[in-house]
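Before any comments, here is the structure.
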Amino acid sequence: MSTARTIQRAASTYLVHFFGGGLSQEGRYVVERYETVASGEIRPLATDKQSAGRRRRRTTLSCRAVRRLRPVPNEIIVATNVSRDAGMQLFGAAAAGIALRGKWRC
(Lines give C-alpha, C1' and ligand atoms only; values in the text may rest on other atoms or scores of the structure.)
Protein backbone atom coordinates (compact mmCIF):
# COMPACT_ATOMS: atom_id res chain seq x y z
CA MET A 1 0.00 0.00 0.00
CA SER A 2 1.38 3.41 -0.95
CA THR A 3 1.09 6.52 1.13
CA ALA A 4 -0.58 9.60 -0.23
CA ARG A 5 1.44 12.73 -0.84
CA THR A 6 0.28 16.27 -1.01
CA ILE A 7 1.53 18.25 -3.95
CA GLN A 8 3.30 21.39 -2.79
CA ARG A 9 3.69 24.13 -5.34
CA ALA A 10 4.93 27.64 -4.83
CA ALA A 11 2.07 30.06 -5.43
CA SER A 12 2.85 33.27 -7.27
CA THR A 13 0.39 35.59 -5.58
CA TYR A 14 0.38 39.27 -6.47
CA LEU A 15 -1.95 42.26 -6.30
CA VAL A 16 -2.97 44.32 -9.36
CA HIS A 17 -4.19 47.93 -9.19
CA PHE A 18 -5.43 49.72 -12.31
CA PHE A 19 -5.49 53.53 -12.35
CA GLY A 20 -6.87 56.01 -14.86
CA GLY A 21 -8.35 53.99 -17.70
CA GLY A 22 -6.19 50.96 -16.99
CA LEU A 23 -4.44 49.30 -19.92
CA SER A 24 -5.52 50.23 -23.41
CA GLN A 25 -4.76 48.11 -26.46
CA GLU A 26 -2.52 50.69 -28.10
CA GLY A 27 0.34 52.72 -26.76
CA ARG A 28 3.64 52.33 -24.98
CA TYR A 29 4.13 52.11 -21.23
CA VAL A 30 6.95 53.37 -19.03
CA VAL A 31 7.87 50.61 -16.58
CA GLU A 32 9.44 51.39 -13.20
CA ARG A 33 10.50 48.69 -10.75
CA TYR A 34 10.91 49.09 -7.00
CA GLU A 35 11.89 46.73 -4.20
CA THR A 36 10.60 46.70 -0.64
CA VAL A 37 12.73 46.08 2.42
CA ALA A 38 11.69 44.59 5.76
CA SER A 39 11.99 48.02 7.39
CA GLY A 40 9.22 49.33 5.13
CA GLU A 41 11.47 51.31 2.83
CA ILE A 42 10.80 51.30 -0.94
CA ARG A 43 13.84 51.66 -3.22
CA PRO A 44 14.18 51.84 -7.01
CA LEU A 45 15.43 48.54 -8.35
CA ALA A 46 18.80 49.13 -10.01
CA THR A 47 19.65 47.30 -13.20
CA ASP A 48 23.07 45.90 -14.01
CA LYS A 49 23.65 48.46 -16.77
CA GLN A 50 23.23 51.44 -14.45
CA SER A 51 26.16 52.95 -12.68
CA ALA A 52 25.84 54.86 -9.44
CA GLY A 53 26.23 58.36 -10.87
CA ARG A 54 24.03 58.07 -13.94
CA ARG A 55 20.37 58.90 -14.31
CA ARG A 56 17.97 55.97 -14.62
CA ARG A 57 16.90 55.13 -18.14
CA ARG A 58 13.23 54.86 -18.96
CA THR A 59 12.13 51.39 -19.98
CA THR A 60 9.18 51.42 -22.39
CA LEU A 61 7.19 48.31 -23.24
CA SER A 62 4.17 47.48 -25.34
CA CYS A 63 0.79 46.73 -23.80
CA ARG A 64 1.23 43.02 -24.53
CA ALA A 65 4.56 42.92 -22.69
CA VAL A 66 3.12 44.84 -19.73
CA ARG A 67 0.31 42.29 -19.37
CA ARG A 68 2.91 39.53 -19.05
CA LEU A 69 4.86 41.20 -16.21
CA ARG A 70 4.92 39.30 -12.93
CA PRO A 71 6.56 40.72 -9.78
CA VAL A 72 8.73 38.75 -7.37
CA PRO A 73 7.39 38.75 -3.77
CA ASN A 74 9.22 41.91 -2.64
CA GLU A 75 8.82 43.91 -5.88
CA ILE A 76 6.47 46.69 -7.02
CA ILE A 77 6.06 47.34 -10.75
CA VAL A 78 4.44 50.55 -12.01
CA ALA A 79 3.52 50.76 -15.72
CA THR A 80 2.25 54.18 -16.86
CA ASN A 81 1.00 55.01 -20.37
CA VAL A 82 3.22 57.49 -22.19
CA SER A 83 0.41 59.52 -23.76
CA ARG A 84 -2.13 59.62 -20.91
CA ASP A 85 -2.34 59.21 -17.14
CA ALA A 86 -3.38 55.57 -16.98
CA GLY A 87 -1.74 52.27 -16.25
CA MET A 88 -1.26 49.43 -13.81
CA GLN A 89 0.60 48.69 -10.60
CA LEU A 90 1.70 45.19 -9.63
CA PHE A 91 2.59 44.35 -6.03
CA GLY A 92 4.32 41.11 -5.00
CA ALA A 93 2.88 39.19 -2.03
CA ALA A 94 5.43 40.54 0.47
CA ALA A 95 5.22 44.09 -0.90
CA ALA A 96 1.42 44.14 -0.61
CA GLY A 97 1.41 42.45 2.80
CA ILE A 98 -0.87 39.68 1.54
CA ALA A 99 0.84 36.88 3.43
CA LEU A 100 2.59 37.18 6.74
CA ARG A 101 4.59 34.16 7.88
CA GLY A 102 2.45 31.78 5.87
CA LYS A 103 -0.84 32.96 7.39
CA TRP A 104 -3.30 35.12 5.54
CA ARG A 105 -3.69 38.62 6.86
CA CYS A 106 -7.19 40.02 7.35
Side-chain angles (χ1 to χ4, degrees):
M1 185 159 114
S2 63
T3 59
R5 281 189 180 175
T6 59
I7 299 173
Q8 295 181 359
R9 296 184 180 134
S12 57
T13 304
Y14 58 94
L15 177 69
V16 180
H17 174 251
F18 293 104
F19 59 92
L23 299 178
S24 63
Q25 294 296 331
E26 68 281 337
R28 304 285 296 172
Y29 291 85
V30 176
V31 177
E32 299 169 317
R33 293 176 178 260
Y34 301 95
E35 68 176 341
T36 59
V37 193
S39 65
E41 185 180 349
I42 298 173
R43 296 184 256 186
L45 195 62
T47 60
D48 296 336
K49 296 180 182 179
Q50 292 176 341
S51 62
R54 298 190 122 183
R55 196 176 93 194
R56 290 191 317 155
R57 288 189 162 200
R58 292 175 53 172
T59 305
T60 58
L61 297 175
S62 66
C63 183
R64 184 176 182 183
V66 169
R67 289 176 194 258
R68 293 182 181 174
L69 290 175
R70 299 293 179 258
V72 293
N74 67 335
E75 185 179 24
I76 299 172
I77 301 173
V78 180
T80 309
N81 195 324
V82 175
S83 60
R84 60 189 183 103
D85 190 22
M88 166 175 83
Q89 297 172 344
L90 298 167
F91 297 87
I98 295 174
L100 183 62
R101 294 186 193 152
K103 297 181 181 178
W104 289 99
R105 189 191 237 182
C106 297

Restricting to non-hydrogen atoms, name the atom on [X] and the atom on [Y] that form the minimum distance, rounded to 0.1 Å.
X   : Y   : answer
V37 : R43 : CG2-NH2, 2.9 Å
G22 : A86 : O-CB, 3.6 Å
A79 : F19 : O-CZ, 4.0 Å
A95 : E75 : CB-O, 3.8 Å
G92 : P71 : N-CG, 3.8 Å
R28 : N81 : O-OD1, 3.3 Å

Taking [Y] as the starting point, is it possible to reach [X] by hopping between hydrophobic residues whose side chains are less than 4.5 Å apart?
X   : Y   : value
F18 : V66 : yes
I76 : V30 : no
L69 : Y29 : yes
V31 : V72 : no

Could you grab the distance from atom [atom1] of [X] to atom [atom2] of [Y], nearest 0.5 Å is fine?
X   : Y   : atom1 : atom2 : result
Y34 : I42 : OH    : CD1   : 9.0 Å
L45 : T36 : CG    : OG1   : 10.5 Å
L23 : R64 : CG    : CZ    : 14.5 Å

For R70, does the CZ atom have more than 12 heavy-atom neighbours from other residues, nucleotides or ligands under 6.0 Å away?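 Yes, CZ of R70 has more than 12 neighbouring heavy atoms, counting only those of other groups under 6.0 Å.
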